[in-house]
Amino acid sequence: MSSDGTYGEYEVVCGIEAHVQLKTKTKAFCPCPNEYGAAPNTLVCPVCLGHPGTLPVPNAEAVRLAALAGMAFDGSIRSVAHWDRKQYFYADLPKGYQITQFYEPIVEGGTLEVQMPEANGGSVKHVGIERAHLEEDAGKLTYDGDADALVDFNRAGVPLLEIVSKPDIRTPAEASQYAQELRRLVRALGVSDGNLNEGSMRCDVNVSLRKQSTEAFGTKVEVKNLNSFSSIARAVHHEAERQLALLEAGDGDAIQQETRLWDEANGVTRSARSKEGAADYRYFPEPDLPPTRIDIDAVRADLARRFEEDHTSSHDRRLPFVELPSETRRRIQSPPLNLTADTALTLCENPFGLLTFLDSTVAHLNGNEGVIRAACNYVLGDIMGHFNSSKTGESGLTVEIFAAILTLSESEELISGKTAKELLKAALAGGDVGNDEKELRQYVEDNNLAQVSDPDQITAWCREVVDANPNQLEQYRGGKTKLKGFFVGGVLKKGNANPKMIDSILVPMLDG
Amino acid sequence: MTSVARSALRLNAKDGKPARWGRTRSRTLVNALPSPTSALESASQVTAAKVTSVQLTQQALDAIAEHEDLGAFLHVNADVAINHARQIDERSESDDSAEDRPLLGVPIAVKDNLCTSDMPTTAGSKVLENYTPPYDATAVQNLRKAGAVIVGKTNLDEFGMGSTNEASAYHVVRNPWATDRVPGGSSGGSAAAVAANLVAAAIGTDTGGSIRQPASFCGIVGFKPTYGLVSRYGLISYASSLDTVGCLARSVDDAEAVLMAMAGGDASDATSSYHRDDANNTGGGDMESTRFALVGAALGEGVDSGVSAAVRAAAATLESLGATCDGDVDVPNFEDALPAYYAIACSEASSNLSRFDGARYGPRASVEKGASLQSMYDETRGSNLGEEVKRRILMGTYALSSGYYDACYKRAQQVRTLVRRGLDEALEGRTCLLLPAAPTVAYKLGEKTDDPLAMYAGDLMTVPASLAGLPAVVIPCGMADAGDGTMMPVGLQLIGKSFSERELARVAKALEKAIAFKGL
């Protein structure tokens with residue numbers, strides 16, 4: 001692959017089908033709990049086991065969540081949901097058919113705004129959404145050592161939203177980033193957990209190559225079994241390389257429309273079944289379900305309920321009450337935060353609630369650019385570091401204390417940066433440094449943490465250190481300016497002096 | 001009824017055979033009961049404590065045992081039935097009012113494609129042999145709430161697919177009027193049980209005529225409601241968009257009461273309707289305001305002359321009662337209903353029956369270890385599904401296949417719309433349409449077994465109302481020569497507007513009274 005993502009004289013054409021489990025209380029068509037991790041076959045009933053005579057009843061919450069996701073990527077939402085059956089025999093499919101939406105998907109069209117990391121150019125890419133439809137998940141097959149297959153039907157009937165992108169993706173990195181953005185979106189909306197390792201989000205990629213600057217598509221190959229974002233990128237890359245080798249060898253006909261499975265351990269794709277031999281799914285309208293009316297007002301009311309605690313800002317949002325990840329990124333890449341694209345990508349997911357924390361702190365500080373930059377740096381550095389290494393995921397740091405530390409160190413320069421870091425560390429670990437700015441000041445005073453900013457005192461200390469080290473002074477003046485650190489260290493040994501002031505007083509003194 | 005039929009029935013009844021399912025009999029009490037008793041009459045006697053439910057239930061169990069050779073039942077659980085009856089008898093006064101429990105203590109038989117948690121439910125198929133569902137069908141639940149005692153499960157054509165009951169995987173059912181003849185199907189067991197006075201009423205299901213045609217063949221009342229009036233939850237699906245649950249009884253009163261006891265919207269069935277109140281609305285109709293027409297296409301060629309004569313006579317009777325007859329009308333697309341019905345019903349059936357794979361319930365064919373999943377499916381389905389079921393699955397699979405979908409399934413749905421429109425048009429300004437329930441009277445066992453197309457043609461008169469989702473009631477209107485001198489009952493079918501069950505029942509009752517058909 002070239003640095004621009006092309007393969008020889010070809011470019012990748014890739015689309016992604018993502019299956020996202022919707023975070024409903026109950027399954028799509030029966031009242032069983034929709035939960036992950038329960039003992040096998042404990043979350044089942046006659047309906048999701050496909051017992052004779054049972055009938056599906058659509059889960060209105062699943063329909064609402066699907067509509068919500070569709071609104072978020074600006075698709076058009078159908079006012080009436082129609083259901084179809086997709087038929088095939090398999091041990092994980094209790095009824096011998098899956099209830100889905102083949103003829104009339106609940107969502108059609110839309111776009112997902114994908115921010116590429118700086119290492120991949122840092123541009124913003126718009127990937128089209130073809131459609132998104134509701135369907136039910138199948139059970140889960142496991143194989144015991146004795147070659148017997150075991151089926152767990154806890155997952156059977158869990159609502160899925162299948163989101164199909166347009167073939168707009170051109171590089172492995174875009175494929176991975178599209179999937180990550182989709183996950184950010186469904187998580188921000190609260191419609192799915194989006195856990196790839198628990199299977200609550202599963203991505204299949206369709207990959208083909210075509211000559212650059214041509215329109216016609218090549219033969220596409222579907223790759224399944226992608227369990228991480230990195231495997232998505234690796235699989236697209238590998239599949240492109242495989243197809244390129246065939247094309248360059250003049251053996252392009254060997255590229256068949258087929259399904260291949262990603263082999264993570266060996267980093268290759270392997271043929272699973274060819275489409276020629278694929279089943280005819282015999283789709284037809286589900287006669288057990290009349291069309292379900294979708295009340296967009298109810299979806300909006302639901303939205304308001306879900307996000308009633310987060311209606312603070314009224315930016316230019318697509319949806320009321322909730323800021324989409326792309327909107328978040330735009331906002332935090334602009335003043336006052338002015339974060340970089342990569343930082344924005346990290347923070348827009350609100351890891352450990354840090355974006356919320358940063359937003360609250362900034363609102364609390366009402367400070368200048370320097371203070372805000374310091375706040376960002378602390379959040380992305382020390383504070384995120386604390387959470388990353390913390391097992392509990394807890395911290396004792398409050399917005400009040402964080403803002404107070406910043407005020408004392410950055411605005412007033414009452415304490416040094418070093419002291420600020422130590423206070424922050426103590427607060428994060430749950431130590432008592434006070435509950436608000438007043439108490440923090442008291443704490444600083446009681447523990448003698450204030451730095452000396454008296455110019456006379458600092459001048460006196462500087463003079464003492466310079467005078468006590470004539471040899472080093474000579475070397476410094478002879479050009480060995482690195483020795484400045486030696487003198488600064490000497491001053492700090494005298495007392496808790498303001499480092500900035502040391503600099504401004506010491507340097508002229510050294511320079512003579 | 002003719003002496004031929006009566007003697008045939010006696011010939012096949014095993015007098016004196018020990019009751020297979022019966023408990024200790026209380027002969028005297030049973031014999032002291034007036035028999036046959038209507039369901040409503042029985043309920044009022046139980047309510048008034050003039051008779052016990054245990055007595056009624058035991059009487060039914062004894063009769064069922066006595067007429068075991070009719071083949072009407074697939075499962076009878078005397079212990080469970082007597083227990084339920086006893087609970088009803090031991091009820092406290094405050095437990096119920098007659099209004100809440102219109103069927104108090106009445107023994108009722110249920111077609112074996114309706115799920116019962118206390119008795120096996122096989123749908124007449126080997127693929128569900130010994131299967132007992134983990135739940136009761138909503139219709140069964142509603143019957144129990146109304147005070148009914150379920151005495152047993154009646155025989156049927158496998159999954160409701162058949163018109164003679166010969167397609168039961170277990171055994172055939174004999175027509176009580178002439179035991180060498182079919183009772184009709186697929187609710188043949190229910191029809192035979194009611195006609196032979198084993199129970200006052202039995203539940204049937206009707207997808208394309210499965211209540212109406214056997215009611216006609218057995219000389220009893222059969223009531224198929226508007227699609228959605230009775231919940232399908234717990235009815236083992238044949239064709240979801242056509243399946244209805246209804247009733248067979250010896251009087252319109254009984255059929256109506258049992259039907260309404262089962263009716264009502266159900267949260268478990270998204271296609272069920274909350275129109276029960278509309279169905280209850282008689283609209284204050286009287287004979288002077290009753291207007292009807294005959295369906296011309298159902299009285300011409302291919303219809304036995306005895307059948308059309310009896311139906312025309314019934315129409316004249318209705319007119320003589322004060323109703324206005326508009327004569328024969330042309331119902332647009334009436335004859336197109338049959339192929340459309342088979343395309344749609346088989347398509348849905350091919351899908352609905354996919355779940356019977358031996359994996360989760362029902363017998364599983366033993367295949368050698370390491371054999372493919374596919375071979376387990378092939379063996380299980382190949383050996384446990386009957387010929388007629390396989391034929392319809394194949395037809396449906398074909399109709400839904402890519403490349404045929406538009407020409408078969410989709411086109412059939414378009415025809416269905418036209419059939420519905422045609423019937424709506426013909427019903428405009430009228431109370432009901434009159435036509436036979438079947439073009440012939442009951443034929444002999446084995447006569448059409450090997451000629452599926454001839455058998456399908458017999459559904460010509462029942463499938464239009466099914467496609468349109470309209471209610472239809474069948475009442476016996478006379479006897480006709482079966483061709484060999486045997487006189488067999490003829491059923492008159494009345495098709496009404498959506499949710500006009502009460503209106504239909506009103507007209508049917510007036511006719512029933514005037515015709516005064518003598519049952520067995």
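Fair warning: this is a prediction, and the values are worked out from it, not measured in the lab.
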Original post:
What part of Ile344(B) lies closer than 4.5 angstrom to a heavy atom of chain A: side chain, backbone, both or neither?
Top reply: neither

Original post:
Hey, which of Arg381(B), Gln413(B), Gln374(B) has the most heavy atom pairs under 4.5 Å with chain A?
Top reply: Arg381(B)

Original post:
For Pro52(A) and Tyr131(B), which heavy atoms make the closest approach, and how far apart are they?
Top reply: CD-OH, 3.3 Å

Original post:
Considering only heavy atoms, which portion of Pro31(A) lies under 4.5 Å from any heavy atom of chain B: side chain, backbone, both, or neither?
Top reply: neither

Original post:
What part of Asn352(B) gets closer than 4.5 Å to chain A, counting heavy atoms only: side chain, backbone, both or neither?
Top reply: both

Original post:
Which bit of Pro133(B) is near chain A, if near means a heavy-atom gap under 4.5 Å: side chain, backbone, both or neither?
Top reply: neither

**OP:** Supply the atom-to-atom distance Arg282(A) CZ to Ser347(B) OG, rounded to the nearest 0.5 angstrom.
**Re:** 9.5 Å

**OP:** Please flag which part of Ala123(B) lies under 4.5 Å from any non-hydrogen atom of chain A: side chain, backbone, both or neither.
**Re:** neither

**OP:** Check Tyr135(B) against Gly53(A) and note the closest heavy-atom contact, atom names and distance.
**Re:** OH-C, 3.0 Å

Original post:
Relative to chain B, which of Pro285(A), Gly50(A), Gly96(A), Pro46(A) shows the most heavy atom pairs under 4.5 Å?
Top reply: Gly50(A)

Subject >> Ring center gap for Tyr405(B) and Tyr281(A) short of 6.0 angstrom >> reply: no

Original post:
Taking atom CZ of Arg360(B) and atom NZ of Lys95(A), what is their separation to the nearest 0.5 Å?
Top reply: 9.5 Å

**OP:** Please say whether more than 12 non-hydrogen atoms of neighbouring residues, nucleotides or ligands are located less than 6.0 Å from NZ in Lys166(A).
**Re:** yes

Original post:
If you count heavy-atom pairs under 4.5 Å with chain B, which of Val57(A), Thr292(A), Val151(A), Val47(A) comes out on top?
Top reply: Val57(A)

Original post:
Checking Thr397(B) against chain A: side chain, backbone, both or neither under 4.5 Å from a heavy atom?
Top reply: both

Original post:
Looking at CZ of Phe89(A) and CE of Met376(B), how far apart are the two atoms once the value is rounded to the nearest 0.5 Å?
Top reply: 11.0 Å

Original post:
Counting only heavy atoms not in Tyr283(A), do more than 12 fall under 6.0 Å of its OH?
Top reply: yes

**OP:** Check step by step if side-chain contact (heavy atoms from CB on, under 4.5 Å) holds for Leu93(A) and Arg355(B).
**Re:** CA-CA 9 Å; Leu93(A) 194 65; Arg355(B) 67 185 63 195; over 6 Å; no

Original post:
Contact part of Tyr88(A) toward chain B, heavy-atom cut-off under 4.5 Å: side chain, backbone, both or neither?
Top reply: neither

Subject >> Residues, nucleotides or ligands: over 12 heavy atoms within 6.0 Å of Lys390(B) NZ >> reply: yes

**OP:** Nearest 0.5 Å please: distance from the CG atom of Leu55(A) over to the OG atom of Ser240(B).
**Re:** 7.0 Å

Original post:
Taking all non-hydrogen atoms of both residues, which atom of Asp288(A) and which atom of Ala270(B) are closest, and how far apart?
Top reply: O-CB, 4.0 Å

**OP:** Of all the heavy-atom pairs spanning Asp280(A) and Ser402(B), show the shortest one and how long it is.
**Re:** OD2-N, 2.7 Å

Original post:
Between CD1 of Ile236(B) and NE2 of His51(A), what distance do you get to the nearest 0.5 Å?
Top reply: 11.0 Å

Original post:
In terms of heavy-atom contacts, does CZ of Arg293(A) have more than 12 from other residues, nucleotides or ligands at under 6.0 Å?
Top reply: no

Original post:
Just how far is it from atom CZ of Phe284(A) to atom OG of Ser401(B), taken to the nearest 0.5 Å?
Top reply: 12.0 Å

**OP:** Examine whether an atom of Leu373(B) lies under 4.5 Å from a heavy atom of chain A, and if so say whether it belongs to the side chain, the backbone or both; otherwise answer neither.
**Re:** side chain

Original post:
Around Arg411(B), counting heavy atoms of other residues, nucleotides and ligands shown, do more than 12 lie under 6.0 Å from its CZ?
Top reply: no

Original post:
Looking at Tyr361(B), Tyr409(B), Tyr404(B), which has the largest count of heavy-atom pairs under 4.5 Å with chain A?
Top reply: Tyr361(B)

Subject >> Which atom of Tyr97(A) lies closest to which atom of Ser351(B), heavy atoms considered >> reply: CD2-OG, 3.5 Å

**OP:** Answer yes or no: are there more than 12 heavy-atom neighbours, outside Lys220(A) itself, under 6.0 Å from its atom NZ?
**Re:** no

Original post:
Shortest non-hydrogen contact from Leu289(A) to Thr271(B)?
Top reply: N-CG2, 4.4 Å

